[in-house]
Amino acid sequence: MKKLMTLFLSFILALSALAGGMLTAAADTVEREFDSTPVLEDLTSSKDEDGNAFDLTDYPYDENGRVQLITLVEYCYSYATNMRDNYALYLYLYNPTGAEIVTDSELNKAQFAVSYDDEGKPDDYEQFDVVFCNKSTGDYNNLFYKFRVTDHESADGMTMGERVNSNLRRYDLSGVYLLHKGDTNATAYGCGGTYKYSGYAAGYGPDENAGSTLTSEVTELEVLETKVHGTVYRPEGSFYKGEQDQLNSVFFTVPNYFFEEYGKISSIKARWDEYRTHPIFVTENSKAAQEYAQYVGKDISQTDYTGDIGAWVQEHEIDSPTTGIWDWILGLINPGYGKIYYYDYAWIYNLRSDNPNNIEKRNVLSAVFDTKGGSYENYTVSGEDLQQRLLETSQELGGELINGKYSAALFSDEVDNGHTRGENVVTVDSDYKFSLTSYYLTQNFWQQIFGGSTINSTEYEDIKAIVEVNSDDLKDKDDATVSQELYVGAEDVQTLRDEVANAEKNDSRVILFHYAVSKYYSYPVNYTVEYDDADTEYEMAYSDGYVAEETVFLDFTLIQIKFYKEGVYTVIPVVADPIDVFGPVSPPLDDDPIGGGGCAATGWTVFWVIALVLVAVVIVIIVVTLIKARLSRSTVTVNYSPPNDGGGGGRSGKGKNTASPESAAKRAEQAAKRAERSAKSAQKSANTAKYAQKEGNKSAGKSKNSGKNKGNTGGKAHSKAAGKTGSGKAIGKANSRKK
């Protein structure tokens, strides 16, 4: 980068002498007279601090070059507030590639210090909007740009103009952010410099008749330039109300020099724009994907389409009445025979029926994805694919845009509790720790047989917000282990490995920065699709898909890092290209811990459990009967008593087949233990049969097919039957809602 310089613009000095009474007061967003002076004219009429004229030959086109700051110019500062209407800061930029800058983009920014410590060192930075003034054309097309900094009130309640000292105005500029045509995000350019202005332009000092006394000097400002990579982590668990905790993070490289010079990291400051998507629909049914895609980003309740999508959170199994022993036998042989399932819903998209249960309504989708023949249960949409789809849809929809690129119609008006929709500027201390909650289901013996489950939770606590990652943290570990130990997305582990390897080769370290916890929602669905034939219109119902909602973090960037060493804090401004962080769209978690999933056991399971328990009981009865028979055998006793003749005493003896009470009791105890083992073996066999039944169901698929009729209770019910039909899983619904 070229040496930082101060330019004294002769045009400014000439204008300043006349400007005192010419311009009326104006807000900072209103165009100023100096905005319109041509950038090339300003530059060629100026001289540097040594009196040398600006030389255009020092600024050629270079297709490999990067944007550079030529200078920062203070215009018409006055110590008197009522004479500060014309005060402004202007940025003059050299754009060597000639790549066009989107001049009206809200992503164009400049980053300045807004606070200083007791030693006069910057200790806080903020980003400021910039307003395009003009650019060079002709032979110098797009080579030079002129922007005005839009001043604003900072956290201390003051603007930049109010904060500076009238005798020495100091501006610490760390970087600029510019959006080039064709790019999604702005590019960050480090241009660290401390600019100090003293004196006044003609007519703006204490003596309004005095000539210009304006002087300035510029010195280098230390800046950390890096690249951030986004990642999200969701802990494993079981399906619970469709929700999962999500830990949002970035990782980036910091040269070892900063640690050696300034110590360990004390805090990190970052900014992002936070939004939550409307539902995203993923389906195996190409017809459904085609139908619902027409209404993405639109309020479907304003159309005449009656198809709907229900995101359910709980399934209840209900036994249908049987008419005799034959139905009972069929219910044992066919696990789905005679079963009806009733659903509780988180929300229903395009709900037009009566709604006495006050189910939440949704009327806008953010995206629709067709699995193209893949199973929806294993189909994940990457964050990159989701982002690209939303960008493409936004171009088609037009209208209001978020950050100039995403349609506002694709995002909800709400975000998670405790979060702020839109811009967030957050400082996270190194001792801060996050926690995540993961839910999982368990079943005891009786729940396995008769249905039901117990909800448990695992707390992942003490997750450090700021972590150094080195090769030892990755060595001899697969991606899944690294993901779980470091709380990063499994799909981003390889990028993290590459970043660590490159950092250690270049005397640097990788920092993993966890900055926020949000909620991700993913639900199984029941939905309908409209069909037309020659004679009639009708709907078919399906359940081969899911819906999801997630929080996204747009234009995330780092602002500063605070270091600590031997009692001294040092704030280093950071310049990094902003990124949009989209997590993957993944299917709902499994809610089937041991095969029951919280519902009653299947017919086959009941059949085998009953059969095996009966066998065990019979075995126990036989064993006990044998024991009793043996214990009840006659005892032979031989007694000898001589005649009572007054002689000596007599004796008595017992035959060899006489059973000892102690040994008989011992054998009974052993038999009881054998019976107990037989019962346990029977239960194990029942569990094995149950698992085999579960795997069989997975292989065969489930078809849910029945006629549809409509009620008004706000829920749904349908019957299940074995087998898979057509391209999806058809279900008949006894609807609880009336359209």
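Keep in mind that what you see is a predicted model, and the values were worked out from it rather than measured.
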Listed partners of Phe434 passing ring-ring contact (aromatic ring centres under 6.0 Å, His included), at least two apart: Tyr432
Set of ring-ring contact (aromatic ring centres under 6.0 Å, His included) partners for Tyr233, sequence neighbours left out: Tyr487
Answer yes or no: is there a side-chain heavy-atom contact under 4.5 Å between [X] and [Y]?
| X | Y | result |
| --- | --- | --- |
| His278 | Tyr349 | no |
| Val500 | Phe251 | no |
| Arg276 | Ser518 | no |

Excluding sequence neighbours, so at least two apart, what forms salt bridge (Lys or Arg N to Asp or Glu O under 4.0 Å) with [X]?
| X | result |
| --- | --- |
| Glu530 | none |
| Glu384 | none |
| Glu236 | none |

When you measure from the side chain of [X] to the backbone N and O of [Y], does any donor-acceptor pair fall under 3.5 Å?
| X | Y | value |
| --- | --- | --- |
| Glu284 | Tyr376 | yes |
| Asn285 | Ala288 | yes |
| Ser522 | Ser586 | yes |
| Asn470 | Asp472 | yes |
| Thr528 | Asp308 | yes |
| Arg389 | Val368 | yes |
| Asn248 | Ala516 | yes |
| Ser483 | Val488 | yes |
| Thr277 | Glu550 | yes |

Locate the shortest heavy-atom distance separating Ala311 from Val525; write the atom from each residue and the value. CA-CG1, 4.3 Å
Among Tyr542, Tyr546, Tyr527, ring-ring contact (aromatic ring centres under 6.0 Å, His included) partner for Phe281: Tyr527
Mind checking side chain to side chain contact (heavy atoms under 4.5 Å, CB included) for Asp479 and listing every partner two or more places apart, or none if nothing turns up? Val493, Arg497
Find the distance between CG (Asn417) and CD (Glu414) and round it off to the nearest 0.5 Å. 9.0 Å
Rounded distance [0.5 Å steps], OG1 in Thr283 versus CD in Gln290: 12.0 Å
Set out, in order, the CA-CA distance, both residues' side-chain angles and the distance that settles side-chain contact (heavy atoms from CB on, under 4.5 Å) for Val381 and Ile280, then state yes or no. CA-CA 10 Å; Val381 180; Ile280 300 160; over 6 Å; no
Just checking, any donor-acceptor pair under 3.5 angstrom between side chains of [X] and [Y]?
| X | Y | result |
| --- | --- | --- |
| Asp385 | Ser382 | yes |
| Thr481 | Asp478 | yes |
| Asn526 | Tyr345 | yes |
| Thr306 | Glu539 | yes |

Looking at Tyr531, is Lys287 sitting on its ring face, NZ or CZ under 6.0 Å from the six-membered ring centre and within 45 degrees of the normal? yes
Any chance you could lay out the salt bridge (Lys or Arg N to Asp or Glu O under 4.0 Å) test for Asp245 and Lys519, step after step, and finish with the verdict? CA-CA 5 Å; Asp245 277 2; Lys519 290 288 187 182; 2.6 Å; yes
